[in-house]
Amino acid sequence: MPVESDAELREILECDTIAVVGCSGTAGKTAHDVPKLMRERGYEVIPVNPYADEIFGVEPYDSLGEVEEEIDIVDVFRPSEEVSGIVDEVLERDDVDVVWTQLGIRDREAGERVEDSGRQYVEDRCLSIEYKRLM
């Protein structure tokens, strides 16, 4: 089951580093504004977007596999049909504790694979809404 309880969500939100797959460099887009807010709240945000040259003053990584920093949460801003492939990349890493899919993004099978690996899966929730609500 995806994480539902406020206590578990609060614990997740106490993490430090968020890799944002599908992070956008375009202000006004949710995939830009949510990571920007999380940066402003003190999180280390690592943008992952193979099509962008610069986001938040840094060159984004092309894929999760290229990220050199330790990652606590992978936040997904990609269509539901891409979640399974992103989870494949997560499962190749030892550092990721949580996969979080934003509002409207669902893949129950991929979520079960995340949970079977001993990690947490948050589905169809906005990171910034939950942050504002709980923190």
So Tyr61 and Glu68, side-chain contact (heavy atoms from CB on, under 4.5 Å) or not? Walk me through it. CA-CA 9 Å; Tyr61 289 97; Glu68 297 171 3; 4.1 Å; yes
Give a yes or no on whether [X] and [Y] share a hydrophobic cluster (residues Ile, Leu, Val, Met, Phe, Trp, Tyr; joining criterion: side-chain heavy atoms under 4.5 Å apart).
| X | Y | value |
| --- | --- | --- |
| Tyr43 | Ile55 | yes |
| Val74 | Met38 | no |
| Leu9 | Val96 | no |
| Phe56 | Tyr131 | yes |
| Val83 | Ile73 | no |

Listed partners of Glu89 passing side-chain hydrogen bond (donor to acceptor under 3.5 Å, both in side chains), at least two apart: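 Per chain and number, Glu89 pairs via side-chain hydrogen bond (donor to acceptor under 3.5 Å, both in side chains) with no residue.
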The criterion is side-chain hydrogen bond (donor to acceptor under 3.5 Å, both in side chains); which residues satisfy it with Asp95, sequence neighbours excluded?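 Testing Asp95 for side-chain hydrogen bond (donor to acceptor under 3.5 Å, both in side chains), a comparison that skips the adjacent residues, returns Arg93.
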Donor-acceptor contact below 3.5 Å, side chain [X] vs main chain [Y]:
| X | Y | value |
| --- | --- | --- |
| Thr101 | Asp124 | yes |
| Asn49 | Ser24 | no |
| Gln102 | Leu127 | yes |

Can you tell me how far the [atom1] atom of [X] sits from the [atom2] atom of [Y], to the nearest 0.5 Å?
| X | Y | atom1 | atom2 | result |
| --- | --- | --- | --- | --- |
| Thr17 | Asp72 | OG1 | CG | 4.5 Å |
| Lys36 | Cys23 | NZ | SG | 12.0 Å |
| Ile129 | Leu103 | CD1 | CG | 5.0 Å |
| Ile71 | Asp94 | CD1 | CG | 11.5 Å |

Got Glu44 and Asp16 here, is their nearest side-chain heavy-atom distance under 4.5 Å?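 They are not in contact (no side-chain heavy atoms under 4.5 Å apart), so the answer is no.
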Within the 4.5 Å heavy-atom criterion, are Pro47 and Glu59 side-chain neighbours or not?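 A side-chain contact under 4.5 Å is absent here.
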For Arg113 and Glu109, what are the C-alpha separation, side-chain angles and deciding distance, and is it a salt bridge (charged side-chain N to carboxylate O under 4.0 Å, His left out)? CA-CA 6 Å; Arg113 291 193 298 129; Glu109 185 179 306; 5.1 Å; no
State whether the number of non-hydrogen atoms from other residues, nucleotides or ligands found under 6.0 Å of Asp116 atom CG is greater than 12.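 Counting neighbours around CG of Asp116, more than 12 heavy atoms of other residues, nucleotides or ligands fall under 6.0 Å, so yes.
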Look at atom CD of Glu11 and say whether more than 12 heavy atoms of other residues, nucleotides or ligands are closer to it than 6.0 Å.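 Result for CD/Glu11: open.
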Ser128 and Arg41: side chain donor to acceptor below 3.5 Å: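 On atom types as modelled, these side chains do not qualify, holding no pair under 3.5 Å.
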What verdict does the side-chain contact (heavy atoms from CB on, under 4.5 Å) test give for His32 and Phe77, after you've listed the backbone C-alpha separation in whole Å, the side-chain angles of each residue and the deciding distance to 0.1 Å? CA-CA 10 Å; His32 174 85; Phe77 276 97; over 6 Å; no
Test log, rule side-chain contact (heavy atoms from CB on, under 4.5 Å), inputs Leu37 and Lys132: CA-CA 10 Å; Leu37 173 92; Lys132 291 174 187 174; 3.9 Å; yes
How far apart are the closest heavy atoms of [X] and [Y], and which atoms are they?
| X | Y | result |
| --- | --- | --- |
| Arg78 | Ile105 | O-CD1, 3.2 Å |
| Pro35 | Val20 | CG-CG1, 3.8 Å |
| Glu123 | Asp107 | OE2-N, 3.0 Å |
| Leu64 | Ala19 | CD2-CB, 3.9 Å |
| Arg108 | Met1 | NH2-N, 3.5 Å |
| Arg106 | Ser80 | N-OG, 2.9 Å |

Could you walk me through whether Trp100 and Ile18 satisfy the side-chain contact (heavy atoms from CB on, under 4.5 Å) test, starting with their C-alpha distance in whole Å, then the side-chain angles of each, then the deciding distance to 0.1 Å, before giving a yes or no? CA-CA 10 Å; Trp100 185 305; Ile18 306 167; over 6 Å; no
